[in-house]
Amino acid sequence: MNIKALNGFKDILPGEVELWQRLEGLARDIFARFNFSEIRLPILEKTDLFTRAIGEATDIVEKEMYTFVDKQVTMRPEATASLLRAYIEHGLHVQKPVQRLFTIGPMFRHERPQKGRLRQFHQMDVEVLGSTSPRIDAEMMAMGAMLLAEMGLSVSLEMNSLGCPVCRPGFRVSLLAFLDDRHQALCDDCKRRSVTNPLRVLDCKNPRCREQVLEAPSLLDHLCGDCADHFSGVQKGLEQLGVRYSLNKFMVRGLDYYTRTTFEFITGDLGAQAAVGAGGRYDGLIEQLGGPSVPGIGFALGMERLVLLLQQKEAELPVSGVDLFVAALGTQSTHFGFALAHGLRTSGMRVAMDLEGRSLKGQMKLAGRLGAPHVLILGENELAEGKAVLRNMATQQQQEIVLQDEAATVQILIKIISL
RNA sequence: GUGGAUGUAGCUCAGCUGGUGGUAGCACCUGGUUGUGGCCCAGGAGGUCGUGGGUUCGAGUCCCAUCAUUCACCCCA
């Protein structure tokens with residue numbers, strides 16, 4: 001067998017997929033509590049959409065996109081751009097002044113895979129469009145925190161403000177001046193960064209750079225009046241909702257479109273991939289994409305990373321996929337059991353049956369492995385007398401069942417088993 | 001794109017300075033119980049030792065290349 005999944009692409013097998021379902025189920029429940037609606041989006045978009053939304057100069061656009069060059073289309077590397085495209089295309093701002101939307105699905109980035117990072121990965125993406133209220137920012141973070149808490153994960157929240165087009169240029173100037181003075185002390189990456197994206201120097205992991213940057217001018221000290229007001233409003237909101245967070249004035253987001261509030265949910269349990277979720281406000285982006293002048297904020301949760309955390313936390317999920325196992329011995333019994341199983345399934349029961357002609361012992365073993373709470377044993381002798389045996393696997397008690405016509409037998413079994 | 005580590009059964013792994021691939025564990029199949037699961041016992045099946053070259057009388061073992069996996073950097077969820 002030489003055909004294998006592509007590097008960075010992964011199958012999610014039974015046993016793990018249950019965790020995904022639980023994660024997604026809980027997320028949907030919580031998104032509903034906060035009055036979010038689902039939107040399903042295509043995976044392919046015009047390449048232009050991403051270069052405009054994410055930024056020409058970002059790593060994602062420069063070297064990580066799966067693009068069909070001849071067709072000018074790209075497999076989405078993130079969800080926000082697609083979601084905003086749909087929002088603009090369908091005039092959703094007219095239908096509701098404030099839209100709360102979420103979407104769940106795969107994203108694609110051509111990066112070198114490592115722990116918690118794949119080339120096809122999955123995100124749960126949440127966006128609120130049409131509100132500048134700092135309470136929305138607080139609510140978003142509170143919702144993320146609630147989801148993580150209800151998953152039983154302990155994750156910390158860090159927040160920062162990146163200001164806006166009014167205040168960021170001023171900050172940039174003083175940061176550049178500061179970096180110029182220490183250019184020689186910075187690592188090679190940061191020397192490059194101080195030209196291409198000076199803000200990034202602030203969150204370099206190199207200890208020497210960190211030290212240099214400690215005294216750097218802070219974004220938070222350069223906020224304009226509106227941004228400062230907004231920022232303190234967000235903090236008040238978080239306090240009111242009892243969300244624990246810390247300020248990280250060095251936190252910078254990788255995408256160009258962020259303004260004001262940015263935040264990350266951080267864990268120490270995933271190696272180099274600290275962020276399980278991240279997002280922020282992007283007040284100018286919709287307009288920039290040709291839409292109405294509407295503010296927005298959103299964040300994405302990395303599902304692979306959450307599942308890894310869940311796997312570390314609990315070894316195994318109990319899988320109970322079956323209500324009844326039908327064990328048949330002989331042709332007559334198998335013939336009868338085959339139809340009976342179908343009748344039970346039609347009535348909503350989860351039924352497993354072995355059709356390989358195994359010994360009763362083999363069938364019992366299968367039933368045990370499947371975790372079937374009951375086994376209906378159809379033996380030739382009993383069948384001849386119109387009877388069968390129902391075994392409770394936990395108590396090992398068995399009772400005789402009188403087989404009437406199929407419909408009646410189904411009813412009897414459902415009644416006994418649902419007790 | 002850069003650096004390190006690792007490729008032996010479905011999975012986890014032994015395999016010494018080169019000398020016939022492991023009674024290894026888990027899982028699987030059969031039997032011990034003419035028709036009763038988990039535990040136990042016995043047996044069985046399962047391999048191009050990632051791939052291709054090279055060195056050698058002889059390579060799982062040494063060398064080169066290549067592919068894959070993985071961790072980290074860059075970057076990011």
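Each chain gets a letter, A, B and so on, in the order its sequence line appears, and its residues count up from 1.
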* Separation between CZ of F50(A) and CD of E78(A), rounded to the nearest 0.5 Å ->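 That separation rounds to 7.0 Å.
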* **RNA chain B: 5'-proximal contact among G277(A) and K361(A) (nearest heavy atom)** =>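 Result of the comparison: K361(A).
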* Asked: Taking the nucleotide of RNA chain B with the closest heavy atom to each, which residue, E64(A) or H110(A), is nearer the 5' end?
  ->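 Its nearest nucleotide lies further toward 5', so the answer is H110(A).
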Would the base of [N] count as contacting [X] through its side chain, where contact means a donor and an acceptor less than 3.5 Å apart?
X: Q398(A); N: U36(B); result: yes
X: R109(A); N: C75(B); result: no
X: R358(A); N: C29(B); result: no

With rounding to the closest Å, how many angstrom separate the [atom1] atoms on [N] and [M]?
N: U30(B); M: G46(B); atom1: C1'; value: 14 Å
N: A24(B); M: G15(B); atom1: C1'; value: 11 Å
N: G47(B); M: A14(B); atom1: C1'; value: 16 Å
N: A77(B); M: G18(B); atom1: P; value: 50 Å
N: A9(B); M: G22(B); atom1: P; value: 15 Å
N: U12(B); M: U69(B); atom1: C1'; value: 16 Å
N: G50(B); M: U70(B); atom1: C1'; value: 15 Å
N: U17(B); M: G10(B); atom1: C1'; value: 34 Å

Looking across every strand, which nucleic acid part, if any, lies under 4.0 Å from [X] by heavy atom: base, sugar-phosphate, or nothing?
X: E382(A); answer: base
X: R369(A); answer: sugar-phosphate
X: A367(A); answer: nothing
X: G379(A); answer: base
X: K115(A); answer: sugar-phosphate
X: I377(A); answer: base
X: Q396(A); answer: base
X: G271(A); answer: sugar-phosphate
X: L118(A); answer: base

So does [X] get a side-chain nitrogen or oxygen closer than 4.0 Å to the phosphate oxygens (OP1/OP2) of [N]?
X: Q123(A); N: A77(B); answer: no
X: N7(A); N: U69(B); answer: yes
X: R119(A); N: C75(B); answer: no
X: Q114(A); N: C73(B); answer: yes

* What about the rings of F102(A) and F36(A), do their centers lie closer together than 6.0 Å? ->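 Between F102(A) and F36(A), the centre distance exceeds or equals 6.0 Å.
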Separation of [N] [atom2] from [X] [atom1] (nearest whole Å):
X: L301(A); N: C76(B); atom1: CG; atom2: P; result: 18 Å
X: L360(A); N: G32(B); atom1: CG; atom2: P; result: 13 Å
X: E264(A); N: C75(B); atom1: CD; atom2: P; result: 13 Å
X: R112(A); N: C67(B); atom1: CZ; atom2: P; result: 11 Å
X: K387(A); N: G35(B); atom1: NZ; atom2: P; result: 20 Å
X: M151(A); N: A77(B); atom1: CE; atom2: P; result: 20 Å

* Nucleotide nearest D59(A) (side chain, heavy atoms from C-beta), chosen from A77(B), C75(B), G37(B) ->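 Nearest to the side chain of D59(A) among the choices is C75(B).
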* Of all the choices, C73(B), U36(B), C75(B), which nucleotide is nearest to the side chain of R117(A) once you look at every atom? ->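 The answer is C75(B), which lies nearest to the side chain.
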What is the pairing partner of [N], taking Watson-Crick or G-U wobble pairs with both distances under 3.5 Å in any strand?
N: C39(B); value: none
N: A45(B); value: none
N: U55(B); value: none
N: G3(B); value: C71(B)
N: U23(B); value: none

* To do: Check whether the side chains of E38(A) and T103(A) place a donor and an acceptor atom closer than 3.5 Å, and report yes or no.
  =>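 Looking only at side-chain atoms, T103(A) and E38(A) do not form any donor-acceptor pair under 3.5 Å.
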* Asked: Taking atom types as modelled, is there a side-chain donor on Q363(A) or R358(A) under 3.5 Å from an acceptor on the other?
  ->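 On atom types as modelled, these side chains do not qualify, holding no pair under 3.5 Å.
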* Does K10(A) pair with E16(A) as a salt bridge, N-O distance under 4.0 Å? ->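 Yes, K10(A) and E16(A) are salt-bridged.
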* Asked: Do you know which two heavy atoms are closest between V389(A) and E382(A), and how far apart they sit?
  ->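 Closest heavy-atom pair between V389(A) and E382(A): CG2-OE2, 3.8 Å.
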* Asked: For the residue pair P77(A) and I54(A), what are the closest heavy atoms and their distance?
  ->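 Here P77(A) and I54(A) meet closest at CG-CD1, 3.7 Å.
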* With the side chain counted from C-beta on, respond yes when Y87(A) and H93(A) share a heavy-atom pair under 4.5 Å apart, and no when they do not. =>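 Side-chain contact under 4.5 Å: yes.
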